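Some notes on the structure that comes next.
Numbered from 1 within each chain, the chains take letters A, B, ... in sequence-line order. Since this is a predicted model, take the numbers as computed values, not measurements.
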Amino acid sequence: MEWIQQLVNGISLGSIYALIALGYTMVYGIIKLINFAHGEVFMIGAFVGFYAIRGLGLGLFPALLLAMLVCASLGVIIERIAYKRLRHATRIAALTTAIGVSLFIQYVTIYFRGAQPEGYPDVFPSANFKIFGVSISSQSIFILVVSILLMIMLQFIVHRTKIGKAMRAVSHDAEAAQLMGINVDNTISATFAIGSALAGAAGVIFGVYYGKIEPLMGIMPGLKAFIAAVLGGIGIIPGAMVGGLLLGVVETFVSAAGYSMWRDAVAFIILILILLFKPTGLFGKNMREKV
Amino acid sequence: MLKVDELDVFYGNIQALKGVSLDVRQGEVITLIGANGAGKSTLLKALSGLLKPQRGVIDYLGQSIVGKPAQTIVRDGISHVPEGRRVFANMTVQENLELGAYLRKDKAGIREDMRQVYERFPRLLERRGQLSGTLSGGEQQMLAMGRALMARPKLLLLDEPSMGLAPLLVQTIFQIIEEINRDGTTILLVEQNAHMALSVASRAYVIETGRIALSGTAAELQASEQVKQAYLGGQ
Amino acid sequence: GCGGGSDTSGGTEQTSGDAIKIGVNLELSGGVASYGSSLADGLELAKEQINADGGIDGKQVEFVKVDNKSDAAEATNGAIKLTGQDKVDAIIGAATSGHTIAQVQVATDKQTVIISPSATAPNVTTDDDGNVKDFVFRTSYIDPFQGTVAANFALETLGVKTAAIYADRASDYAKGLAASFKEDFEAAGGQIVAEEFYLEKDTDFRGTLTRIKSANPEFVFIPGYYGEVGLIVKQAREAGIDVPLMGADGWDSPTLIELAGVEALNNTFITNHYSSEDPDETIQEFVTAFKTKYKDKAPDAFNALGYDTLYLLKDAIERAGSVDSDKLKDALAQTKDLNLVTGIITIDEQHNPIKSATVLEYVDGKHTFKTKVNP
Amino acid sequence: MTTAPLLRVSGAGIQFGGLKAVSDVHMEVNEGELIGLIGPNGAGKTTCFNLLTGVYMPTEGEISLEGQRLNGLAPFKITRKGISRTFQNIRLFKELSVLDNVKVAYHSLARHSMFSSIFRLPSHFKEEREMEQKAIEFLSVFDLDGLKDETAKNLPYGQQRRLEIARALAAEPKLLLLDEPAAGMNPQETMELMDLIAFIREKFDLTIILIEHDMQLVMGICERIYVLDHGQLIAEGDPNFVRNHPKVIEAYLGEEVDTDDA
Amino acid sequence: MKNTKGFWGFLIFAFAFYGISQLLMVMNIIPYHYVNTMVFIAINIILAVSLHIVIGVTGQFSLGHAGFLAIGAYVSAIMTMKLQLPFFVALFVGGTIAALAGLVVGIPSLRLKGDYLAIATLGFGEIIRIMFLNIDYVGGAAGMQVSHLTTWTYAFVCLVITIVVIVNLTNSSHGRACISIREDEIAADAMGINTTYYKVAAFTLGSFFAGVAGGLYAHNFYIIQPGNFGFIKSIDILIFVVLGGLGSMSGAVIAAILLTVVSTFLQGYAETRMIIYSLVLIIVMLYRPQGLMGTSEITSWFKKKGGKSNDNRTTA
Ligand SMILES: Nc1ncnc2c1ncn2[C@@H]1O[C@H](COP(=O)(O)OP(=O)(O)OP(=O)(O)O)[C@@H](O)[C@H]1O
Ligand SMILES: Nc1ncnc2c1ncn2[C@@H]1O[C@H](COP(=O)(O)OP(=O)(O)OP(=O)(O)O)[C@@H](O)[C@H]1O
Ligand SMILES: [Mg+2]
Ligand SMILES: [Mg+2]
C-alpha cells in the first residue's frame, strides 16, 4: 500500500514538472532556444497570482488568467528585447543571454520585494480522499488533469492549426517561411506568448499546491523542466509530459526507498542512461543527419 | 509588370548588385544567366523582400515594393522558390504544400491546386506523409516548386530549379515551367543550365559580377558568341 | 587606500579616529539571504539606537557592508576586503556556520575580532582538536543545546517513547541538532524509529513523509529552516501524520505560519532564542522599537540576534576602553551576565554564550510561551 | 577475373524504417577505373556513398576494399583504409583557412603525438613543417595556393567545390567518391571540372566513382556506369550501352537525349 | 605559439610580468587584498581556458565543468589536509583525478550531441556534487576546512602552464583535428579524424586543468562546500567562454579578468550587484553576440596581414 501511495505522490510531483516542461519544450522546439528565463516567468506568474489573490482579492481562476496574461506579455517583451537581435547569432550566445535575463528577473524581483518567501493563500482547499487506503488530494488530481488537457491543447495547436504550422516552419527555416507569407516576428511572439502563459499558469498552480513562493523558486523547477523536456525529446510535447511524470515518479521512489539525499543524482543517472540508449530522448526520432 | 531600376544591394561592405535594371512584362518567361556568384540569387532575394536594397527602384504592378517585408510581397503575388530547395525538413510533404497556401483562404481552390501539384509530381504523392528532410535532393526540389505553386502566384521567381535533378526531371521541370507560364503566370528564371533556360524563355539577361552585361531575346543570346563561350560550354 | 600602513597587527592607532568601523559580512543575496537580511535589519536598529544615544564611548558606529552572496568563497573575499582595504575594527557575520568559518582564518590572520550573530555549529569557535579560536565569538547558543532541550521536552513534558527525525542535511546546524537530539533521546530510553534527511530548497517531501508515517512515530523532530519546514509541516499533516512535531529556532518566522497554515501548526513546538510574546521588559522594548522602524513587522529571532550582537560588541568595547583587538577579544571573552533580548549572556571558555532557551507552542497560528529552559 | 577488384559490394542495402532506400546492390570496381553512378532523384545514390564510407551501416550485404571487410567500421577508419569523398551539399570546415582545410585531411597520416605537440618536441616541428609544405604544394595543383589564408566560407561556390575535392584527395585515398561535383555549375565550368577530374586521376593514380546528373559529363568521362532506380541496380555497362538501355531511358533519361556529340 | 619565437616571447613576457608583480607585492605597493583578487582572477582564467578547449575549440557543449572543479578541489584538499602531502603534489593529483573523471564521463556522454550532451554533462556535474554532499569524510554539506596555501606564485605558474599547453595543442595538427570536429563532425570523420578520440581527449585535458583550478580554489578560500560547485558555477565558467568569444582563447582570458573584476568591484553594492552583472551580460551579448573577441586571437592584432576577424557571423 505504501508503494501505491508513493506512486500517487510521484505522479503529483511529476505533473508539476510536466506542467512547466510543456511550455518549455514548446519554445525550445520552435525557437531552438534553451530559454533559461522560463523558470523566472514561472516565478513571476506565481507572484502575479499571489498579488492578484491577496491584493486584488480575486478568486483562483481570475488570478490564473491574469497571471497567464501578464506572463504572456512578459514573454513577448523578453523575446523582443533580449532574443530578437540574436536570432541569427549562435545558439550558445542566445543561451547566455537567456541566463542573463533569468538572473536579471530574479534579482530585480528581489530588489523590489526582498528574498523572503511568501505563503500562498489557500484558495483551493484540498480535500483528501482515500481509495483503498491510498490518500489522494483533490489538488493533485486537478494538476494532473490540467497538465494533460494543456498537453492535448498544445499538441493540437502546434500540429493542427495554421499558427502551429507557421511555428514549425519558422523553427526550421525562417527565411523560407517568410516566402510563404508567414510573419516571422509575430509567429515567434505567439510562441513565446503561449509558452510563457503556460509557465504563468504553472506558477500559480505550483503556488497553490505547495503554498510557498519566492524569487528564486524558478531555478530548480526550471532545471527539472529542462531535464523533463530533454528526457522526452526536445520539442516533443507528449514527450515533455512523459518526461515530467517519469522524473517525478523516479524522484519520489528514490526518497521512498530512504535515499532522499541521492534523489537528484538518481534522476540524473536515469536521464543519462536513457540518453545513452536513446540519444534524442524517449520520443525523439532517431533521425541521423542526412548527408 | 515588374520594373527594376538602378538597384544596388550590399552584404556588409560587399556590393553584390551594382545598378541593375531590368523589366518583366506580363506573361513572359525571363531568364537570368550568369556565373557563380554573379548576383543572380541576390537579385531574386531583393525582389521577394528577403534583402533590402540600399538604392534603386522596384515597381511591381505600378507600386513600389522596395523595403516591404517578404511576407507582404507574397501576398501581392510574387512567389520565390529559393536556391537550395529550403523545404521544411521537419514537416511532411503534405504540410509543406499546405504552408505554400498559407495566405489563402479559399479551401476549395487550395484542394484543387493540391491535386494539381500531386498530378504534376506523382513522386510527391507517393511520399506525401514522409518528412521532407529525408527526401532526396530532386524530390525536395519538386516539393519546393509545388509549394510555391500553392500560393497561385502572378510572378514566380525560380532560383536554379534544375540544380541536382535527373535529366528526365529537368525536362519535366522545364515542361512544368512552360505549362505554368501558359496558365498565365509570369516567370523570372535563374539558371545555370543556359541551354534549357534559353529554350523556354522569351527574353534573357546576362549578369556578370553584379551588373547586367547583356540582354536581348532568347534567340539573340543563343546566337551570341560571347554567351556561347562563357555559358553554353562553347562548342 | 594603499601605501604605508603595512602594520596589520591590530591597528592600535585607529581608535583615535572619529568613528568605530564595523565590517558586516552577511548573506544579503543568494540562498539564505533572508537570514542575512534579517540580521542586517536588527543590526541597523541597534546602530541607530546606539548612535542616537551618543555612540560607543562617544564615537559613532559605522558599518561597512559586504554581501557574501551566500557563498563561502565570497565570504572569504569579503573578509579580506574588510580587513585589508577598509581596516575595520571588528567583523560581524556571517549568518550561517559555513560562511562564518570561511571568514575565520582571514580574521585570525589579521587579528580582527569576528562575531557571528547566528552561527550555531560548535566548530565555529573551536577547531577540530578543540582549541579555541582566539578572535571568534558568537551571540547564539550552539546546536547541541537545543537538541538536548528538545529531547528532554519530548520525553518529559510530552511523554512520548518513539520519535522520528527529519533533518536538513545541507546544514550543519540541523545535523548538529539531529545528532544531539538522537543521543539524548536514546540515552533517556526513547527509541528513534526513522531518521530521514532532506535538502534545502526541496519543495516536495511527500515521498519521505509517507515513509516516516509507516514507521509510526509518536513524535517527529524536524530541525531545519522555516522555508522548508513550513512545507514539511503542511505536507506531513496532509499525509496523515498527526503526532506532535518539534523544531528549533530555524522555524521562527512569520512566514512559517503562512506556509504551513494555522491548522497544521497546532500541536507543534519549537525551542528558540526568545519569544516576541515574552513579557520580559527588555524584549518588549525591543519589539516596540523594531515595529516602529520596520512598518509593524514583528521581529524574528534573527532580528533579535543581529540586534544583540552589536550590543554585545558595544559592551566589550566599553569595557576594553578601546578597539584594540587584543583588548577587545579579552573583553568579549569576559562578558558576564549581560542582559540582552535573547537572554542574559555569559561567554564561556569556548567563546559560546551561556543563556536560556525558550520553548514555544504554536496555538492557532500564534507562538505561545511554553517554558524557559536554563542550561 | 584474374585480379581481385579494388572495391567489391555484394548484396549491400539499407532500410530506413519501412523504406528500403538501397537493396541488393552488387558492384565491382577495379583499380584505375572511373565509374559513374546515376539514377533518378531519390534512387539511393548518395545513400550508396554513405554505405561505402560508413556514415550508414548496411543492414544487409557486404562491402570490401582490397579484400578487407568494411562493414561496421567507423567512417574515419574507412577513410584511413583508402576511401575518401565529397558531399552533395558542400561540407567544408567553414571557419578554417583553405590551407587548414587541407591540413586536417593530412592529419590522419601524421605520426607525432599530442604529447609532442603540447611540449613542442622536435617531432612536432618536423611533422608540422612537412604537412604545411605538402599542403601548399597540393593547393597549387588545384590553383588554390593564392587563397591559402582565406577563410573557406568566403570562397565562391565553384572554388569551394574544388577545395572540397582537394581536401578529399589530401587524405590520399585509393578510391575517391564524388557526389554531384558539377551541381550548380554552368556548362563552361563543368567542362573545366571534367578536365580537372581527368587530371587528378592521372596524377594521383586514382579510382573514382562519381554521382552526377549532367549527362554530358558522365557520358563524356566515365568508362563504366551503374544505374540505380528505387534503390536497385537496373543497368550496368559502358556509356553507349547505358544510354540506349530501355529501362534507363524510361526511368531516368527520358526519350530524347541531346548528348550525341560526346 | 606557432613557432619557437612566439613561444619564448610569451614565456619571457610571462616571467617579466610575474617578476614585476611579485616585486610590487613584496614592496607592498599592491596590497594584500588585491593579491587575493589577482589569485582569484588567475583561477578563473584557468577555468575559462580549460572550458575553452572543450567548447571553443572542439565544439562540445559541456555544462558540467564545475564537477571537475569540485573533484580537483576535494581531492587536493584531502591530499594536503588528510594525507599531509605537499601542495604541488596535491594540485597534480587533483588534476589527474579530475582528468580521470573527465575520461570516464566523456567516453559515454560525448556520443551525444548539442543540447543532449549539455544536459548529460550537467547531470554528471550534479552527480559529482551530490556525491561529495554525501561523503562525511569530506564534511558532507557543511564542507571541509582547508588551509590557505595558494599563493600568487602557485596561481601564476599554473596559469602559465595551462595557457602554454592549451595554445600549443590548439596550434598543432591535433588542435586542427579538434577544430574540424567543431566545424563539421561528419566531414571531420570522413577526413579520417577519430572524432571520439579527440572529443574525449579535449574533454579530459579540460577536466585536468579544471581540477588544477579546483586545487588552487580550495586552498585559497579556507572552506569548500558542495554548494560551491553547483550548476550555477558551471554556468559562470561558461559565461567567461561565451562572453570572450567562442573559439578565442584570449577572449576567454579577457572575459574571465573582466567579469572577476566587475564582480569584485560590485561587492560593495549588495542590492544591485547581480542586477548590474546580469545587465552587463545581456548588453554585451546583444551588441556583440559573437563575444568580445569573436573567433580571433589577440595576437592577430599584432600581425600585419591575415588578421581579418570573422565578424560577419551574424549573416551566416
Ligand atoms: N550572406 C552573404 N554575405 C556576404 N556575401 C554574400 C552573401 N551572399 C552572397 N554573397 C556574395 O554576393 C555575391 C553574389 O552572390 P549570389 O548568391 O547572388 O550569386 P549567384 O549568382 O546566385 O551565384 P550561384 O550561381 O552560385 O548561385 C557573391 O560574390 C557572394 O559571395
Ligand atoms: N536518413 C534517412 N532517413 C530516411 N530516409 C532516408 C534517409 N536517407 C535517405 N533516405 C531516403 O532514401 C532515398 C534515397 O536517397 P538518396 O539521398 O540516396 O538519393 P539520391 O539518389 O542521392 O538522390 P539525389 O540525386 O536527388 O541526390 C530517398 O527516398 C530518401 O528519402
Ligand atoms: Mg545563386
Ligand atoms: Mg544524392
Side-chain angles (χ1 to χ4, degrees), chain B residues 11-12 14 33-41 83-85 121 123-124 126-127 129-131 134-143 159-160 162-175 190-199 206 209 227-235, chain D residues 16-19 21 38-47 88-90 154-161 179-180 182-192 194 211-220 227-231 243 248-259 261-262:
Chain B
Y11 292 105
I14 309 165
I33 54 181
N36 274 303
K40 307 180 295 292
S41 305
E83 188 175 15
R85 299 148 196 161
F121 307 102
R123 174 59 71 105
L124 293 185
E126 244 174 72
R127 299 282 158 100
Q130 186 175 338
L131 290 185
T134 63
L135 292 177
S136 79
E139 292 161 347
Q140 289 183 358
Q141 186 65 57
M142 295 182 225
L143 180 57
D159 199 343
E160 301 197 27
S162 75
M163 179 149 107
L165 289 201
L168 185 61
L169 271 165
V170 175
Q171 290 168 19
T172 317
I173 293 274
F174 277 97
Q175 267 163 24
V190 162
E191 255 304 332
Q192 294 282 6
N193 194 335
H195 276 300
M196 289 294 256
L198 289 173
S199 72
V206 176
T209 57
V227 173
K228 268 191 190 163
Q229 273 299 328
Y231 305 107
L232 298 177
Q235 304 98 358
Chain D
F16 297 111
L19 181 81
I38 62 172
N41 298 110
K45 305 180 295 296
T46 300
T47 307
Q88 185 166 358
N89 311 310
I90 300 178
N154 293 336
L155 290 186
Y157 181 83
Q159 279 168 340
Q160 293 199 8
R161 278 255 172 240
D179 196 346
E180 300 199 24
M185 290 188 173
N186 65 37
Q188 179 58 33
E189 291 162 323
T190 306
M191 301 281 274
E192 290 167 21
M194 282 164 72
I211 297 177
E212 193 43 77
H213 288 302
D214 188 322
M215 283 308 106
Q216 209 166 325
L217 188 150
V218 174
M219 300 295 172
V227 188
L228 272 177
D229 187 25
H230 290 291
R243 187 186 326 195
V248 180
I249 293 178
E250 189 205 323
Y252 185 60
L253 295 172
E255 319 81 58
E256 17 119 32
V257 196
D258 50 349
T259 49
D261 51 346

Where does E139(B) contact chain D at under 4.5 Å (heavy atoms): side chain, backbone, both or neither? both
For Q160(D), is it the side chain, the backbone, both, or neither that has a heavy atom closer than 4.5 Å to a heavy atom of chain B?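 Q160(D) has no heavy atom closer than 4.5 Å to chain B.
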Side chain, backbone, both or neither: which part of A251(D) has a heavy atom under 4.5 Å from chain B?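 Backbone of A251(D) only, per the 4.5 Å heavy-atom cut-off to chain B.
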Check the side chains of S162(B) and E191(B) for a donor-acceptor pair under 3.5 angstrom, ignoring hydrogens and angles. yes
Could you measure the distance from the [atom1] atom of [X] to the [atom2] atom of [Y]? Nearest 0.5 Å is fine.
X: E180(D); Y: I38(D); atom1: CD; atom2: CD1; value: 12.0 Å
X: N41(D); Y: M142(B); atom1: CG; atom2: CE; value: 5.5 Å
X: Q192(B); Y: E160(B); atom1: CD; atom2: CD; value: 4.5 Å

